[in-house]
Amino acid sequence: MLSTITTTDATATLEALSQQAKNAAVIAQEAFLTKWVEQTGGNEYGEPMYCGFAWVTVYPEHKGNTTLGKGERRVLESMGFKKDWTGKAWQLWNPTGYAGQSMDVKECGAQAYADVLRGAGFKAYMGSRAD
């Protein structure tokens, strides 16, 4: 993944990737909510009432004690990711900053975010849990 990023434009490229992923997530969430309202008529809260959390998990390609591994982790941190409880993966919770409580909406956004990162070569996955 990171071994191919060697130019001085790497920071700008990663910022653009992060913004592209966030934009895709926001669009996916908006599309989900629009479709949900059309199909159900909505409710007083404006979102499905199944509360929970969603996040994106990225598994670094290189070992953490190597130069590439350290660089990889710096990149993930610069994109807002934090080390998870296992110490082997990096997570970004609620990647769009969605202010609602609907797990369905958050899952939709996290999946779109992970899809963009996977397209760029990251080992990225969506995760979620009910509240």
query = Quick one: are Asp104 and Phe32 in side-chain contact, heavy atoms under 4.5 Å?
reply = yes
ask   = Are any of the side-chain heavy atoms of Tyr45 and Ser102 separated by less than 4.5 Å?
value = no
ask   = With distance as the sole test, does Glu72 use its side chain to make a donor-acceptor pair with the main-chain N or O of Glu61 at under 3.5 Å?
value = yes
task = Provide the closest heavy-atom pair for Ala54 versus Pro95 in the form atom of the first, atom of the second, distance.
result = O-CD, 4.3 Å
inquiry  = For Phe122 and Leu17: C-alpha separation, side-chain torsions, deciding distance, then whether side-chain contact (heavy atoms from CB on, under 4.5 Å) applies.
reply    = CA-CA 11 Å; Phe122 288 84; Leu17 175 64; 3.5 Å; yes
query = To the nearest 0.5 Å, what is the distance between CD (Glu77) and NZ (Lys83)?
reply = 8.0 Å
key: Side chains of Glu107 and Tyr50, donor plus acceptor under 3.5 Å   = no
key: Closest non-hydrogen atom pair, Thr96 against Lys22   = O-CE, 3.7 Å
inquiry  = Looking at every non-hydrogen atom in both residues, tell me the closest pair between Ala112 and Ala28 and how far apart they are.
reply    = CB-CB, 3.7 Å
inquiry  = Counting C-beta onward and ignoring hydrogens, is there a side-chain heavy-atom pair between Ser128 and Lys106 closer than 4.5 Å?
reply    = no
message = Could you tell me if the side chain of Met79 sits less than 4.5 Å from the side chain of Leu117, heavy atoms only?
response = yes
message = On a heavy-atom basis, which atom in Trp36 and which in Gly46 lie closest, and how many Å separate them?
response = CZ3-C, 3.6 Å
key: Donor-acceptor contact present, side-chain Ser78 to main-chain Val75, <3.5 Å   = yes
message = Applying a strict under-4.5 Å side-chain criterion to I, L, V, M, F, W and Y, I'd like to know whether Val105 and Tyr113 cluster together.
response = no
task = Say whether, by atom type as modelled, one donor and one acceptor occur between the side chain of Thr34 and the main chain of Glu30 under 3.5 angstrom.
result = yes
query = Hey, does Asp84 have a side-chain heavy atom less than 4.5 Å from the side chain of Trp93?
reply = no
Within-4.5 Å side-chain heavy-atom neighbours: Phe81 and Val56 = yes
Between CD on residue Gln20 and OG1 on residue Thr13, distance to nearest 0.5 Å = 11.0 Å
note = When rounded to the nearest 0.5 Å, the distance separating CZ of Arg74 from CG of Leu14 is 12.0 Å
Linked, directly or transitively: Met126 and Trp55 (ILVMFWY side chains, under 4.5 Å) = no
remark   = Rounded to the nearest 0.5 angstrom, the CD-CD distance for Gln111 and Gln29 is 12.0 Å
task = Treat each ILVMFWY residue as a node, draw an edge where side-chain heavy atoms are under 4.5 Å apart, and state whether Val116 and Val58 are in one component.
result = yes
request  = Measure from the side-chain N and O atoms of Glu47 to the backbone N and O of Leu33, and report whether any donor-acceptor pair falls under 3.5 Å.
outcome  = no
query = Got a sec: does the CD of Gln101 have more than 12 other heavy atoms crowding it under 6.0 Å?
reply = no
